[in-house]
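First the structure, in the form of structure tokens, and then the observations on it.
Quick caveat: nothing in here was measured; it's all calculated off a predicted structure.
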Amino acid sequence: MSAKVVDQTNYEPKIIMFACNWCAYAGLDLAGTSRLTYPANITVVRTMCSGRIDPSFVVKALTDGADGVLIGMCNYGDCHYINGNYKAMKRFLFLQKMLDDFGIERARVRIEGISASEALKAKRVITELVEELRRLGPLKIEEE
Amino acid sequence: MKEKPKAAFYWCSTCGGCEESVVDLAEKILDVVAAIDIVFWPVALDFKLEDVESLKDKEIAVCFINGAIRTSEDVHVSKLLRQKSQLIVAYGSCSHLGGIPGLANFWNKESIFQKVYKEAPTIQDETPILPQEETEINGLTLTLPKFFNTVRRLDEVIDVDYYIPGCAPNPDLLLEAVQLILSGNLPPKGSILSPNRNMCEDCPLERKEEKIQLQSFFRPFEIIPEPGRCLLEQGIICLGPVTRVGCGALCMKVSMPCRGCYGPTDGVQDMGTKFASALASIVDIDDDQQFMKLIASIPNYSGLVYMFSLPSSYFKRKNMEAVKNE
Amino acid sequence: MAESIRIGVYICHCGINIAGVIDVKQVVDHAKTLPNVVVSKDLVFTCSSVGQNTIIEDIKNEGINRVVVAACSPRMHEGTFRNAVEKAGLNPYLFEMANIREHSSWVHPDDPEGATEKAKTLVRMAVAKARLLEPIEKSTAEVTKKVLVIGGGIAGLQASLDAAERGLSVTLVEKLPVLGGKAALIGDLVYSEKKGWQIAKELIEKVVTHENIRVLTRTTVQNVSGAFGDYRVSFVTEPRYIKETCMHPEKGEEVCPVEVPNEYDFGLTQRKAFFKPFEGAYPPTYVIDMSACTKCGLCLDSCGKETIDLDAKPLEFSEEFGTIIVAAGYKPYVPTTGEYGFGNDTRIITLSQLERIMSENGPSFEDIGLSNPLENIIFISCVGSMEESDNTDARTYCSRMCCSSSIKNMLKLRELFPSSNIYFLYRDIRTYARREEHLYEQASKSGIIFLKYEASNPPEVSINGKPSVKVLDTLVGKRIQILADLVVLANGMMPPSDILKLRSLLKFPCSPDGWVAEAHPKLRPVELPSPGVYIAGSIQAPKDIIESIISASAATAKAVVPIIHGRVELEPLVSYVNEDICGACGICVSTCPYDAVSRVVLQDGRRVARVNPRLCMGCGQCASACPSAAMQQKSFTDEQIHEMIEQLVV
């Protein structure tokens, strides 16, 4: 298989963000009401708690065409459901190890605590991830 | 006398254990032979590929194919058998999920050939030769099947009607499948012919605590597990919770952890990430650094959890490009 | 048998809020191409009655049985549309929202094409999920008509009183032998003609004489089970060991040979193991501190054997409550030995200790060996507060009451010792509350000297015959050294020591600063995320007496509502188990933070996991932990989420 040939000018990474209802999703809502702007490359799937987010969702997203995944959880101590964000973090750390095993760049999957008031952080994290993925190019795994 | 339905057995890339499991039917195999007419079984009977080619389309009632898809020959014969058979049953972990040969997806053709034909300590040649798909000798062309980069499941190259899981499958499942097919009372296409239930149900080991809270993991040889007690609860990674029933919990009966050869229940697509999620949930360490240390202590988690299912996982294989770019 | 899925999609313009950026027509047309979509329309304001009626009409006339609205955030209008859908006779949970305003038009105003494409993706995802939505029946449960108040400080007392005044039955538990909390130990307050102990006393009198309130001192919560509306709480009451028949307990105290630091004087004085906490304490009885008692038996000799039972057993009991108010207070920060010289000289005390000295029911300066008059008095602010450190356990917060309390006491000391020099070494003056700024003014006018220091350069205290304090006054940029007769360390407030126990019993989160995290700091400030559990007073964060009383009344106002209603609505989006698949591996049981999942044995002998919908809060942690996909969360099933993921790239 030929080396990655990416048209850097036309390539737009696609990102799925899994966001918990109480913090990260609300933080993104605040980014909206505050009229902050960030690239349109990211689409959000809402769950009630980041503890619902399963590493298999992340890898499914990557192998179904997403170039990157962002997990948005409450900051430690803020979880609406006591410790769902700790579970999310542990599952993420486990997944990172697996991504290494399969040669998928760690930078494609990111987890961030984003509180309901951290709209600026949401904007920063999304913008950074989009830039990082533009640099990495699409995720291509050889077949056959 | 009414003609008996025709059956065939074939092996793709496999170890032969599945063939053994057919023989493990012991005297019951006589019942099977009494009910069906075996028209192709390379490991046991002297039929040739031409014999299959000469059959009419769909003439074989049911064909059991074991082994993973590693070479072009696997694809070729599988496609031929699909054409000649009414039903195809993927038999055993390799054809069902990719199986042990699927672990080769942590490498590709190039790296495997490099290791096997050039770097292996037993290689003495100054100029090692790699297998060639075509070789000219005395004006004649010898061919070898193409070796693919990626090991696949059977249903990635042909349409599969049913699956019998296991490495190797419990012979009873084969017997039940044959009876089911003979009865004509067929389950929905795509069914796995083993109950859609979680392995822990069949496990003879008992949990001691209501909640599992792990601080460390052990490999089976590192501790002497408490007899009769759930292995996972004792820190031994047992894939029972992410595996479906059918084997009769054979490993746990001898206090060995489940390795997941029957694959997951229907709703789970990817054993490795699902089990990572489960394991992370029962580790009683909330500190990120300490948790990372703990999971780093598991030797080759991905190899362990995908021991039988890597080609059917979401990852499917290792991304060799990323390795090259390193 | 299975009904055919008929999805109605409504794309909202939200005036120009959405339509000003997103090409709504394109999104409508895109939705029309999706499987099962039979109606796709745009509406100018979908949340308006016109918009809602369009949806209701389509459900009735077009046989729509799944509704997707692409508009604002579901956090804004999900409830509105669920109600509309329900009004039309459809189950309200057959509704899904796509957030194309907050998550698209408002954040991508410069990229209309990108915003439109994203809106299409969001609609595709919502439609894919809607296709798999199942109706959910709402259920309710009965509420036990009793309130539990944990903590007998002023917040707990006020909360109990308020609930009792509304005619509810209240149980108030206090772990100490006395009521009134920290307020009962304080004398003069800022701007109050009543002293701290007087306020506590008044509240206590009302509480203990109220027919609806049952007061239990020396009582702690051992376990909480059950759920909102029916919390089953077990308690243990430690005995006083001294019977009511003991006529002269003071004799017991006199002969008791064990002396320990008196916690009610913050260690300024010693008390016996057989003791009465402080003058005016309620209940006004003696008690034996069994953790200090050596069981020497001297008190039995002087009081009479039959009046004292050193082997009395703790009393264990349990009760049901509809709601719980947590008013467990705070604990004062105690400086470490050597911190600003603390512990090295009796002339270095904390502000808590000073409050005891200044209080009528506390020790005097003479009692603690300080001779009159004091000439140089130095207060140091922010001891144990406003710490600038990356340590996770650093107290980076402001304790809020120490500035006012310090200045209040400086003014009192100024009256006591008119010729003294009083210095306040401060970081920041935060006399923030109503009527407090004038205190600061008054202090400045009275000649109290304010010296500002930086956290990076805190005062240094050494003992040189007397405590000697060196500080860099940042306002004049000069290093100043003062020999002090009294150094007061304005110590801050900390979460109470049993907060972790309460947290695990009542399943509430704490903020990184260690204090309780309320359900929402602005919208639900006195509620915990666990339904039916409320917070009053300073367990939430440092508060003064006024704020504690206000929050107690607020918490009670909330806590009585479910009891007055009589029934509570249960969380609809709970988890459930497919018992055919489940093999009872129990990973969900280990994962659930609410103990809502347990393993049960079915009639056929199979063991499976089962969710108690009354305890389940609907986070879905168990569903992602389940390795066999047997556990699912309603409206967030694996299948629904998988379908959504697959819609990202089509």
Side-chain angles (χ1 to χ4, degrees), chain A residues 12 14-22 25-26 28-58 60-61 64-67 69 74-85 87-88 91 116-117 122-123 126, chain C residues 72-76 97 99 101-111 113-118 121-122 125 129 392 503 507-514 517 519-521 529-530 573 591 593-594 617-625 633 635-636 638 641-642 644-650:
Chain A
E12 279 300 332
K14 283 190 183 293
I15 305 168
I16 277 197
M17 176 174 185
F18 297 101
C20 77
N21 180 61
W22 305 96
Y25 196 91
L28 285 171
D29 278 359
L30 182 64
T33 43
S34 319
R35 302 301 198 280
L36 300 177
T37 62
Y38 52 79
N41 306 56
I42 191 156
T43 309
V44 177
V45 172
R46 181 173 68 122
T47 57
M48 293 312 285
C49 175
S50 58
R52 176 69 187 97
I53 301 160
D54 179 332
S56 71
F57 297 163
V58 176
K60 181 176 170 62
D64 278 357
D67 301 297
V69 176
C74 300
N75 289 311
Y76 279 171
D78 279 357
C79 179
H80 189 77
Y81 302 102
I82 301 177
N83 56 12
N85 50 353
K87 307 260 168 55
R91 290 166 183 161
S117 59
K123 173 192 162 99
I126 291 170
Chain C
C72 51
S73 171
R75 295 173 55 85
M76 178 100 186
M97 234 174 144
N99 183 350
R101 190 181 74 176
E102 280 86 340
H103 287 192
S104 193
S105 65
W106 276 354
V107 283
H108 314 309
D110 307 327
D111 181 10
E113 214 176 292
T116 304
E117 282 311 308
K118 181 165 167 181
T121 307
L122 285 164
M125 286 180 168
K129 183 174 173 184
T392 48
R503 176 190 175 165
K507 320 248 188 280
F508 57 77
C510 287
S511 296
D513 59 13
H520 189 282
S530 326
L573 305 181
T591 305
Y594 301 100
M617 299 288 297
C619 62
Q621 293 185 40
C622 54
S624 42
Q633 185 189 2
S635 274
F636 293 94
D638 283 350
I641 295 172
H642 287 168
M644 292 178 84
I645 292 169
E646 285 166 19
Q647 299 306 319
L648 179 73
V649 181
V650 288

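The two residues Arg52(A) and Ser624(C) have their closest heavy-atom pair at O-CB, 3.3 Å. The minimum heavy-atom distance between Ile645(C) and Ile16(A), with the atom names listed, is CA-CD1, 3.9 Å. Looking at every heavy atom in both residues, Arg91(A) comes nearest to Gln621(C) through NH2-O, 3.2 Å. Across every non-hydrogen atom of Ala517(C) and Gly77(A), the tightest pair is CB-O, 4.0 Å. For Ala519(C) against His80(A), the heavy-atom pair with the smallest separation is O-ND1, 4.5 Å. Residues Ile82(A) and Tyr594(C) approach most closely at CD1-CE2, 3.8 Å, considering heavy atoms.
By number of non-hydrogen pairs under 4.5 angstrom with chain C, the leading residue of Ala66(A), Ala40(A), Ser56(A), Ala61(A) is Ala40(A). By number of non-hydrogen pairs under 4.5 angstrom with chain C, the leading residue of Ile15(A), Thr47(A), Thr37(A), Asn75(A) is Thr37(A). When Ile641(C), Thr121(C), Val649(C), Asp111(C) are compared by the number of non-hydrogen pairs under 4.5 Å with chain A, Ile641(C) comes out ahead. Considering only heavy-atom pairs separated by less than 4.5 Å from chain A, the leading option among Cys622(C), Gly618(C), Gly114(C), Ser635(C) is Gly618(C). Of the listed residues Leu30(A), Asp78(A), Val44(A), the one with more heavy-atom pairs under 4.5 angstrom with chain C than any other is Val44(A). Contacts with chain A were tallied for Cys72(C), Ser105(C), Ser511(C), Ala115(C); Ser511(C) has the most, counting heavy-atom pairs under 4.5 Å.
Proximity to chain C (any heavy atom under 4.5 Å) is shown, for Ala116(A), by neither the backbone nor the side chain. Both the backbone and the side chain of Thr591(C) have a heavy atom closer than 4.5 Å to some heavy atom of chain A. Contact annotation for Ala623(C): both backbone and side-chain heavy atoms come within less than 4.5 Å of a heavy atom of chain A. Contacts of Met125(C) with chain A are made by side-chain atoms alone, with heavy-atom separations under 4.5 Å and no backbone atom involved. The contact between Leu648(C) and chain A is made by backbone and side chain atoms together, counting heavy-atom distances below 4.5 Å. In this structure, chain C has a heavy atom under 4.5 Å from the backbone of Pro39(A), while its side chain stays farther away. For chain A, the nearby parts of Asp638(C) are the backbone and the side chain; heavy atoms of each come within less than 4.5 Å. For Lys87(A), the part lying near chain C is the side chain, with the backbone staying farther off; criterion is any non-hydrogen pair under 4.5 Å. Of the two parts of Tyr76(A), only the backbone, made up of N, CA, C and O, holds a non-hydrogen atom closer than 4.5 Å to a non-hydrogen atom of chain C. No part of Asn41(A) comes within reach of chain C, as not one of its non-hydrogen atoms sits under 4.5 angstrom from that chain. Contact of Cys619(C) with chain A is made through backbone and side chain together, with heavy-atom distances under 4.5 Å.
Two residues are said to be in side-chain contact when any heavy atoms from C-beta on lie closer than 4.5 Å; Tyr25(A) and Pro74(C) meet this criterion. Put simply, the side chain of Ile42(A) reaches to within 4.5 Å of the side chain of Lys118(C), judged on heavy atoms. Considering only heavy atoms from C-beta on, Leu28(A) stays 4.5 Å or farther from Glu102(C) through its side chain. Between Thr43(A) and Leu122(C), some side-chain heavy-atom pair lies under the 4.5 Å cut-off.
Applying the salt bridge (charged side-chain N to carboxylate O under 4.0 Å, His left out) test to Lys14(A) and every residue at least two apart in sequence or in another chain returns nothing. A search for ring-ring contact (aromatic ring centres under 6.0 Å, His included) contacts involving Phe636(C) returns nothing, not counting sequence neighbours.
Under 4.0 Å is where a charged nitrogen must lie from a carboxylate oxygen, and between Asp29(A) and Arg101(C) no such pair does.
Note that the CD atom of Glu117(C) and the CD atom of Glu12(A) stand 12.0 Å from one another [nearest 0.5 Å]. A distance of 7.0 Å separates CG of Asp54(A) from NE2 of His642(C), quoted to the nearest 0.5 Å.
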